[in-house]
Protein chains: 2
Amino acid sequence: MARHADTIAEQLEELILSDAFSDGDRLDEVQLAKRFGVSRTPVREAIQRLALSGLVDLRPRRGAFVHQPDAVELMEMFEVMAELEATCARLAAQRITDDALAKLQAANQACEDAVAAGDADGYYRANEGFHHILYAQSGNRFLETETLRLKNRLKPYRRMQLRLRGRMAQSLSEHSAIVDALIAADGPRAADAVRDHVAVQGEKFHRLMATLQAAE
Amino acid sequence: MARHADTIAEQLEELILSDAFSDGDRLDEVQLAKRFGVSRTPVREAIQRLALSGLVDLRPRRGAFVHQPDAVELMEMFEVMAELEATCARLAAQRITDDALAKLQAANQACEDAVAAGDADGYYRANEGFHHILYAQSGNRFLETETLRLKNRLKPYRRMQLRLRGRMAQSLSEHSAIVDALIAADGPRAADAVRDHVAVQGEKFHRLMATLQAAE
DNA sequence: GTCAACGTTTTTGTATACAAGAAATGCCCG
DNA sequence: CGGGCATTTCTTGTATACAAAAACGTTGAC
């Protein structure tokens with residue numbers, strides 16, 4: 001619908017996710033309009049969109065206030081993320097095609113190669129590919145879309161997770177467990193494997209909390 | 001943020017969900033503005049919001065087109081709904097309080113009473129109460145909110161489901177199975193019980209398909 | 001008769017103007 | 001000196017005006 005409003009929504013989202021605003025900050029329409037060199041109208045449209053995805057709270061006749069999730073909310077979102085991915089896996093175990101299974105194994109191999117090469121960025125991309133194949137093979141486009149939406153929302157908090165020493169190697173063996181369960185067409189086992197893989201627990205949990213503290 | 005835009009978004013949502021528009025219809029801004037007795041501005045804001053919830057597709061420089069889910073999409077959404085509720089149950093099995101468990105049993109009893117009295121509306125309310133307790137007892141507010149959101153989105157398609165002969169009696173025994181699993185703190189069993197309870201399968205599936213055909 | 005190109009007409013997207021409600025300021029009174 | 005109330009200022013919400021892009025119809029050529 002919008003040409004400017006589109007790009008402004010994106011830029012504004014970037015700004016909020018990159019912590020340029022802190023929790024509770026009011027988004028001043030005229031200020032943002034000036035900043036982007038447009039009028040208030042497209043800025044308001046952009047804010048409307050961000051409100052629906054939960055990045056800002058809209059208080060009638062008061063304005064828009066950025067909403068940065070606290071530790072509890074984050075854990076809740078990660079928990080739902082793990083469940084959504086586990087569901088993808090459970091369904092994929094029944095529905096995955098041989099072709100996609102081959103692609104999944106290839107993606108897993110790419111992960112291993114990246115780890116062997118010490119290529120963190122490469123691992124990130126290959127890992128993303130692995131997971132996206134899983135979402136698609138749930139055979140449920142709605143589920144796929146929703147999962148991607150939440151994944152995207154969690155992206156900025158995600159990158160801090162995987163830099164743990166030895167985490168990548170463990171991640172690889174978890175991938176293999178997932179693939180095995182899919183080969184066996186064992187839905188519940190696949191779901192459990194994915195849930196364990198994605199869940200934020202143990203050392204990951206402490207690391208996340210520490211990073212959140214530091215951000216304040 | 002909006003006073004008019006709020007109410008317009010609600011009314012427009014009502015209109016779309018109540019099938020006043022069919023799939024692919026263009027939402028004419030000036031026409032809607034006249035209809036609601038306002039200018040284009042609040043109408044546009046309302047449309048923006050509906051776009052995010054998937055009720056309308058926004059095509060840049062073209063306009064807003066209502067998007068009515070087809071049979072496949074509906075099944076996908078119901079499948080995700082079943083999974084979200086199952087997740088609520090799985091988590092609730094670990095986290096539910098004794099107090100809430102008592103309330104759940106009371107809600108179930110209210111369902112039974114309504115069935116005994118042949119009170120369809122009463123059953124609807126009691127059943128809704130039962131499920132909402134479950135969402136809340138997942139102990140995950142984010143999950144609770146998302147589940148409610150999807151439930152609301154599916155509401156218009158839901159009412160056609162439960163009027164099947166003998167369906168209410170079966171529903172009651174399913175409720176009992178859920179409660180039993182929660183009492184036993186058996187997460188996986190609670191999840192399965194809820195999934196079976198919510199899933200659209202068998203006769204429910206055929207009925208849904210038939211109703212969709214009739215709507216076209 | 002068909003198709004393409006041009007001009008007209010809608011319609012969307014943005015800017016600006018205006019109205020109304022909320023916050024801020026200062027003033028008066030206790 | 002402090003608290004409550006009125007006024008002023010600022011901000012949101014809505015209406016209108018304008019610009020640009022897309023749909024539409026017409027005309028003309030092949």
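Because only heavy atoms are used, hydrogens play no part in the values below, and waters and symmetry mates are left out as well, while side chains stay in. Within every chain, numbering begins at 1; the chains are lettered A, B, ... in the order of the sequence lines, protein sequences first and strands thereafter.
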Protein and nucleotides 15-17 of chain C: nitrogen or oxygen contacts under 3.5 angstrom:
{"residue": "dA15(C)", "atom": "OP2", "partner": "Ser39(A)", "partner atom": "N", "Å": "2.6"}
{"residue": "dA15(C)", "atom": "OP2", "partner": "Ser39(A)", "partner atom": "OG", "Å": "2.9"}
{"residue": "dA15(C)", "atom": "N7", "partner": "Thr41(A)", "partner atom": "OG1", "Å": "2.9"}

All N/O contacts under 3.5 Å from nucleotides 5-11 of chain D to the protein, with atom names and distances to one decimal?
{"residue": "dT11(D)", "atom": "O3'", "partner": "Arg26(A)", "partner atom": "NH1", "Å": "3.1"}

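Atom CG of Leu32(B) and atom P of dT11(C) are 12 Å apart (whole Å). In this structure, Asp6(B) places its CG atom 15 Å from C1' of dG21(C), rounding to the nearest Å. With rounding to whole Å, Ile47(A) atom CD1 is found 8 Å from dT12(D) atom P. One can place CZ of Arg3(B) at 12 Å from C1' of dT12(D), the figure rounded to the nearest angstrom.
In the set dA22(C), dT14(D), dT12(C), the nucleotide with an atom closest to the side chain of Arg61(A) is dA22(C).
Taking the six-membered ring where the residue is Trp, His131(B) and His197(B) present parallel rings, their angle staying beneath 30° rather than reaching 60°.
Ion pair Asp6(B)/Arg49(B) flagged as a salt bridge, since at least one NZ, NE, NH1 or NH2 atom sits closer than 4.0 Å to an Asp/Glu carboxylate oxygen. Remark: Glu29(B) engages Arg44(B) in a salt bridge, criterion side-chain N to carboxylate O under 4.0 Å. A salt bridge does not link Asp57(A) to Arg59(A): none of the charged nitrogens lies less than 4.0 Å from a carboxylate oxygen.
Side-chain atoms of Ile8(B) and Ile47(B), non-hydrogen and from C-beta on, never get closer than 4.5 Å to each other. Side-chain contact between Glu79(A) and Asn140(B): present, with at least one pair of heavy atoms (C-beta onward) separated by less than 4.5 Å.
Here the CG atom belonging to Leu55(A) is positioned 11.0 Å from the CG atom belonging to Leu52(A), to the nearest 0.5 angstrom.
For Ala100(A), the side-chain contact (heavy atoms from CB on, under 4.5 Å) partners at least two apart in sequence or on another chain are Ile96(A), Thr97(A), Gln137(A).
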